[in-house]
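Read the structure below first, then the notes.
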Amino acid sequence: MYTLLIIEDEELVRKGISSLIDFDKMDIGSVYEAENGEVAWDIIVKQKPDIILSDINMPHMDGITLAKKVKELDKDTHIVFLTGYDYFDYAVSALKLGADDYVLKPISKKDVENILINITNKLNQERREKAVYELISENEQNPCGSSESDELLCIINQKIYCSDFSLKDLANQMGFSTNYLSTFIKKHLGMSFQDYLTKNRIDRAKILLLTTDLKIYEIAEQVGYEDVNYFSSRFKQYVGMTPRQYQKGVQ
């Protein structure tokens, strides 16, 4: 759920936005209010809102000055300005500072809803991209080297998404007993063969859930599970939610 800060010195406008908009359908869980830039800044520092709806012409600190400070604090904060025709040029200037958009007064419920839907869609996409980046970064495969452990890792990573890949097959290929190989893997990878297999398969499935339109059973097959129900069970056991719940949650 996202957080929103409404900054507007006209109480009627401020209360109207906070009370008339259905924030739940936009995944906005917390809504803060401020009547001027100074009060707003205190809230911003403490709460770090994802979205800011701000008037431009305000007492104590105008919206443009506030926006500059916000972007210095957190460049990823999304800002939308509420402004009248008299301050239209300021709104255009604000876009150059990194503001997302502006709404001309008198504003309507529909105007605000459309803007917030656009912003939350951006936030969803950003969150999705961040999740994919983190998954890829965490699971970059080590390059193959000359040591026995490097060779082992290369073989595992080449076959990790094959549904019939097993510790026994790996032991036969490398000419070791399964007991010796099991101990060797745990020592060098920090986890058992099965745990390593599951972790990498589930992490790959997460990436596919976030970046493709593949069906769940297709993703299961791509990461080495022929039985989609077993895949879903393992995914929930590892992640704490079903593949579909994960996909919707990160969106």
Side-chain angles (χ1 to χ4, degrees), residues 1-2 25-27 29 50 76 120-251:
M1 300 291 278
Y2 301 117
K25 72 178 182 181
M26 303 170 195
D27 287 333
D50 300 298
D76 295 326
T120 51
N121 284 341
K122 284 184 183 179
L123 283 165
N124 289 341
Q125 182 62 28
E126 289 168 5
R127 184 167 65 176
R128 197 177 173 100
E129 289 172 356
K130 182 180 179 182
V132 171
Y133 176 79
E134 289 177 350
L135 283 168
I136 293 174
S137 297
E138 290 172 3
N139 292 283
E140 286 182 337
Q141 306 296 352
N142 295 328
C144 296
S146 57
S147 71
E148 197 171 63
S149 59
D150 287 335
E151 181 187 356
L152 170 66
L153 190 58
C154 282
I155 294 173
I156 294 175
N157 290 336
Q158 286 169 6
K159 297 189 175 184
I160 202 163
Y161 305 124
C162 298
S163 60
D164 59 352
F165 186 45
S166 68
L167 180 63
K168 183 178 179 180
D169 293 332
L170 182 63
N172 289 338
Q173 182 173 347
M174 297 196 72
F176 296 133
S177 70
T178 54
N179 288 337
Y180 170 81
L181 192 57
S182 177
T183 302
F184 185 88
I185 288 173
K186 192 160 188 178
K187 177 181 177 182
H188 289 274
L189 298 184
M191 63 184 78
S192 69
F193 171 81
Q194 196 59 49
D195 286 343
Y196 184 81
L197 205 68
T198 301
K199 178 185 183 303
N200 282 273
R201 286 178 172 181
I202 297 302
D203 284 350
R204 175 62 180 166
K206 286 181 180 179
I207 294 174
L208 293 175
L209 285 165
L210 297 177
T211 60
T212 72
D213 294 323
L214 292 173
K215 299 184 183 303
I216 301 299
Y217 77 87
E218 292 174 322
I219 291 175
E221 290 173 354
Q222 286 208 15
V223 300
Y225 294 99
E226 294 180 337
D227 186 336
V228 65
N229 291 324
Y230 179 68
F231 162 70
S232 295
S233 174
R234 293 293 285 163
F235 190 98
K236 186 173 183 179
Q237 186 179 35
Y238 187 82
V239 181
M241 60 185 79
T242 66
R244 185 66 64 199
Q245 288 170 335
Y246 174 82
Q247 190 177 49
K248 290 181 178 179
V250 176
Q251 289 177 343

Residues in side-chain hydrogen bond (donor to acceptor under 3.5 Å, both in side chains) contact with [X], at least two apart in sequence or another chain:
X    : answer
S192 : D195
Q194 : none
E129 : Q125

Listed by chain and number, what are the side-chain contact (heavy atoms from CB on, under 4.5 Å) partners of K186, not counting sequence neighbours?
none
Please name all residues satisfying side-chain contact (heavy atoms from CB on, under 4.5 Å) with N121, sequence neighbours left out, ordered by chain then number.
I117, N124
Under the criterion side chain to side chain contact (heavy atoms under 4.5 Å, CB included), I'd like the reasoning laid out for L152 against H188: C-alpha separation, chi angles, the key distance, then a yes or no.
CA-CA 10 Å; L152 170 66; H188 289 274; 5.7 Å; no
Pairs of donor and acceptor atoms involving the side chains of residues 224-241, under 3.5 Å and at least two apart or interchain, shall be tabulated with distances.
unit_1: E226; atom_1: OE2; unit_2: S163; atom_2: OG; d: 3.2
unit_1: D227; atom_1: OD1; unit_2: N229; atom_2: N; d: 2.9
unit_1: D227; atom_1: OD1; unit_2: Y230; atom_2: N; d: 3.3
unit_1: S232; atom_1: OG; unit_2: V228; atom_2: O; d: 3.0
unit_1: R234; atom_1: NH1; unit_2: Q237; atom_2: OE1; d: 2.6
unit_1: R234; atom_1: NH2; unit_2: T198; atom_2: OG1; d: 3.0

Let me confirm one number: the [atom1]-[atom2] distance from [X] to [Y], rounded to the nearest 0.5 Å.
X    : Y    : atom1 : atom2 : answer
D27  : R127 : CG    : CZ    : 6.5 Å
F165 : Q158 : CZ    : CD    : 9.5 Å
L209 : Q245 : CG    : CD    : 12.0 Å
Q173 : I155 : CD    : CD1   : 4.5 Å
M174 : D169 : CE    : CG    : 13.5 Å

In terms of heavy-atom contacts, Y196 and I156 come closest through CE2-CG2, 3.6 Å
Could you list the donor-acceptor pairs under 3.5 angstrom formed between side-chain atoms of residues 212-219 and any protein atom two or more places apart in sequence or on another chain?
unit_1: T212; atom_1: OG1; unit_2: L208; atom_2: O; d: 2.6
unit_1: T212; atom_1: OG1; unit_2: L214; atom_2: N; d: 3.3
unit_1: E218; atom_1: OE1; unit_2: K215; atom_2: N; d: 2.8

Residues forming a salt bridge (charged side-chain N to carboxylate O under 4.0 Å, His left out) with K159, sequence neighbours excluded:
none
For residues 177-185, please give each side-chain donor-acceptor pair under 3.5 Å, one per line with the distance, not counting sequence neighbours.
unit_1: S177; atom_1: OG; unit_2: Y180; atom_2: N; d: 3.1
unit_1: T183; atom_1: OG1; unit_2: N179; atom_2: O; d: 3.1

Test R204 against every option in I202, I207, N200 by the side chain to side chain contact (heavy atoms under 4.5 Å, CB included) rule and name the one that passes.
I207
Are side-chain heavy atoms of L210 and Y246 found at a separation under 4.5 Å?
yes
